[in-house]
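Keep in mind the model is a prediction, meaning the values are calculated, not measured.
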Amino acid sequence: MTGYDALGGNGGGPSGTAALCHWLKHMKLYRVVLLVVLCLLALPFIFYNLLVHEESNVQHNDIHRTRSQLFTFEDVSPLKAADLKLRIDEMLRMKGTVSLELRDLESRRQKLQSDIGLYNQKIDELKQELARQQTELDRLKISVEQAQVAQREAVLRNTPELALPRALFSDSLPPVVRPAGVEHTRGCKMSTCFDHSRCSLTSGFPVFLYDPDTTLPVSEGYDIDGFLKTTIKQTLGYNAHLTTDPKKACVFLVLVGEALSEHEVLKNNRYNTPQGGGSERALPGSVSPQSSLNVTRLRLLPYWGGDGRNHVLLNFARREIGPGAGNMLHGTHMDTGRAMLVQSSFEESQFRVGFDLIAPPILGPPGGDVWQECSPMLPARRKYLLSFQGELMGQNGSLGMVGAGGDGGPHGTDDTESDTVDEFIIDHLKEMSSGRTQDYFMLQFECVPATEQRSPSGLRDWSLCGTDNSRKSVLKESTFALLLAPGGGSVSSTLLQARLYEALRAGAIPLILGGDQVQLPYAETIDWRRVVISLPKARITELHFLLRAIPDADLLTIRRQGRLVWERYLSSVQSTVDTIVASLRNRLGIPPKPIPSVVAHSVFNASFVPLKSDPVIDTEPEESLGPIEPPYPSPAYRRNYTAALVQSREMWNDWADPFALYPQLPFDPVLPSDAKFIGSHMGFRPIGKGAGGTGKEFGESLGGNYPREQFTIVILTYEREQVLMDSLSRLYGLPYLHKVIVVWNSPKPPLEDLRWPDIGVPVHVVRAPRNSLNNRFLPFDAIETEAVLSVDDDAHLRHDEILFGFRVWREHRDRVVGFPGRFHAWDVNTLDSWNYNSNYSCELSMVLTGAAFIHKYYTYLYTYTLPQAIREKVDEYMNCEDIAMNFLVSHVTRKPPVKVTSRWTFRCPGCPVSLSEDDTHFQERHKCINFFTKVFGYTPLLNTQYRADSILFKTRIPHDKQKCFKFI
């Protein structure tokens with residue numbers, strides 16, 4: 001028997017069930033009915049007895065439960081009907097009590113749920129705070145490591161921290177020595193005829209000017225041009241190198257010309273030509289063989305020192321520019337000692353290379369904007385391929401008379417040979433202009449009407465025909481302007497310099513035939529190969545081929561460079577004087593004076609302390625963006641002496657000007673990559689200490705090709721306090737931020753109860769001199785970093801966006817690097833103007849400075865060298881300062897801006913209405929672009945078709961690696 005059989009055998013198995021079914025099958029029906037009736041009758045009695053028995057045993061504290069049970073069966077208990085009403089009332093009362101209790105419990109439950117929600121929210125906040133604090137801790141650890149590295153660098157540093165040098169001056173007047181003979185002074189060099197002891201490298205090159213109103217070293221019957229005396233004093237007064245103490249002076253300037261005879265009658269015409277006469281006239285004797293310089297008076301100058309060392313004689317030509325003009329020593333044997341001579345005309349036997357200086361004649365205004373004098377640079381090819389207007393003048397008059405008396409002067413044989421060459425050149429040019437060609441020429445070799453100018457000096461040169469306006473109208477239509485070298489052994493002539501001046505002013509590229517025989521102004525510093533085409537006269541037969549072979553890009557490059565040289569060094573009295581001083585200083589290797597910064601005056605009184613508040617911290621991406629560092633200003637004036645040595649050509653021919661010393665330049669040379677690890681590691685913070693890395697290592701260091709640095713944020717605001725406070729609060733905890741400059745453009749000071757957020761770095765609120773958008777780019781002395789982030793007060797940028805823009809700018813320091821891109825579009829309707837366009841485009845040419853990084857160097861250029869007309873237009877429209885900055889940077893660098901991230905515009909829903917929302921905003925910007933183009937002579941903006949994103953952006957990387965930025 002199995003276990004299952006045993007279990008079934010106990011009465012619960014299949015046999016018992018079968019027996020029961022068998023019994024029921026044989027039972028009678030009436031018996032079943034009777035049994036059911038008996039059960040129904042007995043059931044109420046059984047329930048009643050049970051209830052009575054239960055009620056007798058119930059305790060006092062269960063009386064309500066018992067009554068409830070009785071009430072349940074009251075419908076079957078007729079003995080309790082009398083108490084039914086009372087019990088119903090009792091149950092209603094109990095119902096109300098229970099309802100109150102339930103409502104109370106429900107309110108408690110809701111409160112508990114609310115508390116639970118608050119606690120969960122606090123838990124989430126604490127988790128976020130924990131993550132933030134962990135990130136902050138990581139940043140602090142990085143900061144400690146960076147500080148330790150900086151400390152080790154400070155201990156190991158073996159080079160001094162350079163700053164502005166302390167000036168070291170001479171303390172005595174030049175001693176009187178015995179004059180050197182003319183045989184010694186004819187071969188003067190800087191090493192033999194200049195006293196370097198008066199010009200320390202740290203002296204700043206002080207220059208002393210003899211008062212031309214009281215000191216006149218000219219002969220009897222002569223006087224210096226009154227215009228020159230006034231303007232030279234005035235323009236030198238603006239020069240930072242001028243000193244009134246002769247004991248400190250390095251060089252002494254003496255104005256000796258232009259000296260005119262007392263019977264000079266043409267006082268108001270710089271060319272001695274009646275503007276309506278159509279010819280150029282010079283009075284007989286206006287250029288006398290007897291020099292206007294009085295050597296005896298020259299030697300009596302109080303600081304002459306016997307031999308005139310460190311003296312500079314300024315002989316400017318202005319009114320008289322005929323043949324032989326501008327050379328006060330021609331035909332004489334006067335001894336000017338060891339003094340340097342500055343003039344526009346030199347003979348080969350007079351000019352001491354590296355000692356004397358060739359300067360252009362004074363043909364422009366005293367100073368100011370000169371762009372109105374210039375012609376547009378486009379089109380590249382103009383009506384005339386080549387133009388020339390002039391008549392050859394020699395000892396006996398015009399070219400036709402020279403051959404008859406070629407032996408009448410000291411250069412008779414040379415002049416005869418020159419006649420033959422000049423005749424051949426003229427014949428070939430005439431043949432070229434009249435030949436079968438599609439090119440047009442304007443070649444005039446005889447003045448009509450004929451000039452009555454004579455050349456008592458005996459020098460052969462090409463006189464000017466017509467008036468200044470008539471020549472300008474021809475040059476504006478000329479692609480090239482022909483300049484013919486003077487004869488008679490001249491290395492420079494006033495007429496040649498005047499032609500060069502007029503050609504560059506009109507945008508005609510100077511073509512010098514005989515360029516190997518002449519010297520051009522400031523040749524030591526100006527790279528004239530980029531400005532003029534210089535050919536020997538033997539190349540005349542190949543001239544036409546060469547001119548046709550120059551492509552448009554080179555034409556416009558040469559023309560642009562010529563205008564740059566003309567505006568910077570030749571255009572006005574101010575530019576001429578500044579260039580002369582800078583050229584002399586450059587010879588000595590002395591750095592210029594520091595460019596002045598704008599003093600940042602606080603908007604608050606000295607005794608007022610603004611109220612502080614805790615910043616409202618926005619939720620930033622949970623990533624370490626950089627260490628927390630103490631303020632670290634960019635090193636300034638480190639290349640005081642080397643910039644002029646290493647990059648002298650660039651300073652004079654590419655950048656803004658060589659007249660001032662800048663704290664830093666965006667063009668500083670870059671070290672090789674291995675120098676950061678071999679001997680030149682100071683200040684560098686390579687990624688992963690040089691091993692590289694991704695997110696974590698990337699966030700710990702700046703890396704790149706330049707040493708560590710920080711940036712300054714400049715915010716321009718006008719009576720939008722709350723918007724400003726919100727923007728400042730968002731800057732809390734921003735790595736690499738040095739300070740914030742708030743330019744308060746409103747005449748009303750901030751409210752006294754305004755609470756300024758404490759963002760961990762200094763916030764300087766600067767009072768603007770007046771309400772102007774140009775204040776955005778003032779070079780404040782409070783800006784101590786090279787990198788400047790210019791932002792609007794309503795621009796909302798995330799920290800990672802700002803830092804990515806900063807990192808990109810470090811690789812493009814000479815360009816505008818920012819977020820909102822715009823472009824200039826050609827007006828396809830008028831076909832003669834530009835439009836400003838903010839639509840989405842695959843090309844851009846501008847980055848708005850409402851959120852852009854620029855180098856502080858450009859703030860100096862914007863304030864001091866940008867034409868005043870552009871800044872005035874910005875004030876007129878209260879608009880376009882960002883366009884002007886883009887024009888300026890692209891003009892200097894010839895590069896487009898760099899756009900970063902996908903940002904195209906900024907929205908500030910709760911901000912007050914800004915200037916950019918005015919209906920006339922875009923119309924004004926159209927006009928600005930076209931006006932700026934007119935001022936510059938061309939449109940310097942360049943298009944670009946790419947933007948910068950992080951290297952690992954949208955790149956699939958392993959799970960154990962991090963991207964450089966999570967969202968960029």
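For Tyr569 and Trp652, the gap between ring centers is short of 6.0 Å. Taking the six-membered ring for Trp and the full ring otherwise, the centers of His544 and Phe441 sit less than 6.0 Å from each other.
Inspection of the Glu348 and Ser490 side chains reveals no N or O donor paired with an N or O acceptor under 3.5 Å. Donor-acceptor pairing under 3.5 Å is recorded for the side chains of Asn327 and Gln343. Asp657 and Thr865 form no side-chain donor-acceptor contact under 3.5 Å, judged by distance and modelled atom types alone. For the residue pair Ser473 / Ser470, no side-chain donor-acceptor distance below 3.5 Å is found, with atom types taken as modelled. Between Thr525 and Asn586, the side chains place no donor N or O within less than 3.5 Å of an acceptor N or O (distance only, hydrogens not considered). In this structure, a donor-acceptor pair under 3.5 Å is present between the side chains of Ser344 and Thr494.
The structure places OG of Ser261 at 10.0 Å from CD of Glu320, a figure rounded to the nearest 0.5 Å. Distance check: Trp566 CH2 to Arg505 CZ gives 7.0 Å after rounding to the nearest 0.5 Å. Atom CG of Leu495 is separated from atom CE of Met393 by 10.0 Å, given to the nearest 0.5 angstrom. Separating the CE atom in Met432 from the CD1 atom in Ile540 is a distance of 6.0 Å, to the nearest 0.5 Å. With rounding to the nearest 0.5 angstrom, the CD atom of Glu391 is 5.0 Å from the SG atom of Cys447. Summarising the geometry, atom NZ belonging to Lys430 is positioned 13.0 Å from atom CD1 belonging to Ile425; distances are rounded to the nearest 0.5 Å.
Shortest non-hydrogen contact noted between Gly364 and Val573 is O-CG2, 4.3 Å. Taking each heavy atom of Cys250 and Leu588 in turn, the nearest pair found is SG-CD1, 4.0 Å.
With Asp439 contributing its side chain and Leu385 its backbone, the two residues share no donor-acceptor pair below 3.5 Å. A donor-acceptor pair is defined here as one N or O able to donate and one able to accept, closer than 3.5 Å; no such pair exists between the side chain of Arg318 and the backbone of Leu363. A donor-acceptor pair under 3.5 Å is absent between the side-chain atoms of Arg559 and the main chain of Pro376, judged by distance alone. Formation of a donor-acceptor pair under 3.5 Å by the Glu502 side chain with backbone atoms of Asp468 is not found in this model. A donor-acceptor distance shorter than 3.5 angstrom exists from the side chain of Thr231 to the backbone of Phe227, with no hydrogens or angles considered. Under a 3.5 Å cut-off, the side chain of Asn315 and the backbone N or O of Gly326 do form a donor-acceptor pair. In this structure, the side chain of His241 does not engage the main chain of Asn239 through any donor-acceptor pair within 3.5 Å. Arg499 contributes no side-chain N or O that, together with a main-chain N or O of Ala481, makes up a donor-acceptor pair within less than 3.5 Å. In this structure, Asp554 contributes its side chain and Ile550 its backbone to no donor-acceptor pair below 3.5 Å. Using modelled atom types, one side-chain atom of Thr235 and one backbone atom of Ile232 make a donor-acceptor pair closer than 3.5 Å.
The side chain to side chain contact (heavy atoms under 4.5 Å, CB included) search around Glu477 returns Lys383, Tyr384, not counting sequence neighbours. Applying the ring-ring contact (aromatic ring centres under 6.0 Å, His included) criterion to Tyr938, with sequence neighbours excluded, gives His891. The side chain to side chain contact (heavy atoms under 4.5 Å, CB included) test applied to Thr541 returns Phe424, His428, not counting sequence neighbours.
Using a 4.5 Å heavy-atom cutoff, the side chains of Trp528 and Val565 are in contact. Residues Leu260 and Asp223 form no side-chain contact, since every pair of their non-hydrogen atoms from C-beta on lies 4.5 Å or further apart. Leu483 is not listed as a side-chain neighbour of Trp462, based on a closest heavy-atom distance of 4.5 Å or more. Between Val491 and Val518, the closest side-chain pair of non-hydrogen atoms is not below 4.5 Å. Residues Pro360 and Pro521 are in side-chain contact: their nearest non-hydrogen atoms beyond the backbone lie under 4.5 Å apart. Side-chain contact between Cys199 and Phe194: present, with at least one pair of heavy atoms (C-beta onward) separated by less than 4.5 Å. With contacts defined as side-chain heavy-atom distances shorter than 4.5 Å, the pair Phe351/Ile358 qualifies. No side-chain heavy atom of Gln234 sits less than 4.5 Å from a side-chain heavy atom of Gln574.
Applying the 6.0 Å contact sphere to CD of Glu446 captures no more than 12 heavy atoms from other residues, nucleotides or ligands. Summarising the local packing, OH of Tyr440 is surrounded by 12 or fewer heavy atoms from other residues, nucleotides or ligands at distances under 6.0 Å. Residue Tyr864 places its OH atom among more than 12 non-hydrogen atoms of other residues, nucleotides or ligands, all under 6.0 Å distant. The environment of Arg381 atom CZ is dense: over 12 non-hydrogen atoms of other residues, nucleotides or ligands sit within 6.0 angstrom. Annotation: Arg529, atom CZ; neighbour count of heavy atoms from other residues, nucleotides and ligands within 6.0 Å does not exceed 12.
Each salt bridge (Lys or Arg N to Asp or Glu O under 4.0 Å) pair with one or both residues in residues 356-367, not counting sequence neighbours, appears once here: Arg352-Asp356. Identified under the salt bridge (Lys or Arg N to Asp or Glu O under 4.0 Å) test for residues 565-576, with sequence neighbours left out: Arg563-Glu567. For residues 363-377, the set of pairs meeting the side-chain hydrogen bond (donor to acceptor under 3.5 Å, both in side chains) definition, not counting sequence neighbours, comprises Glu373-Lys472.
Using a 30° and 60° split on the angle between ring planes, Tyr210 and Phe252 fall in the tilted class, from 30° to 60°.
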Asn294 and Ser219: CA distance, side-chain angles, deciding distance, side-chain hydrogen bond (donor to acceptor under 3.5 Å, both in side chains) verdict: CA-CA 5 Å; Asn294 189 312; Ser219 302; 4.5 Å; no

Check against side chain to side chain contact (heavy atoms under 4.5 Å, CB included), Val312 and Leu357: CA-CA 10 Å; Val312 180; Leu357 189 64; over 6 Å; no

Side chain to side chain contact (heavy atoms under 4.5 Å, CB included) evaluation trace for Leu464 with Ile321: CA-CA 9 Å; Leu464 298 172; Ile321 61 172; 3.7 Å; yes

side-chain hydrogen bond (donor to acceptor under 3.5 Å, both in side chains) between Ser534 and Asp516, worked out: CA-CA 7 Å; Ser534 181; Asp516 54 343; over 6 Å; no

Audit row: Leu543, Leu429, side chain to side chain contact (heavy atoms under 4.5 Å, CB included) steps and yes/no: CA-CA 9 Å; Leu543 177 61; Leu429 289 174; 3.9 Å; yes

Test log, rule side chain to side chain contact (heavy atoms under 4.5 Å, CB included), inputs Ser583 and Glu524: CA-CA 8 Å; Ser583 298; Glu524 300 173 38; over 6 Å; no

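Look at Asp654 and Arg530 and you find a salt bridge, because one of the NZ, NE, NH1 or NH2 atoms lies within 4.0 Å of a carboxylate O, short of that distance. Looking at Lys537 and Asp422, a side-chain N of the basic residue comes within less than 4.0 Å of a carboxylate O on the acidic one, giving a salt bridge.
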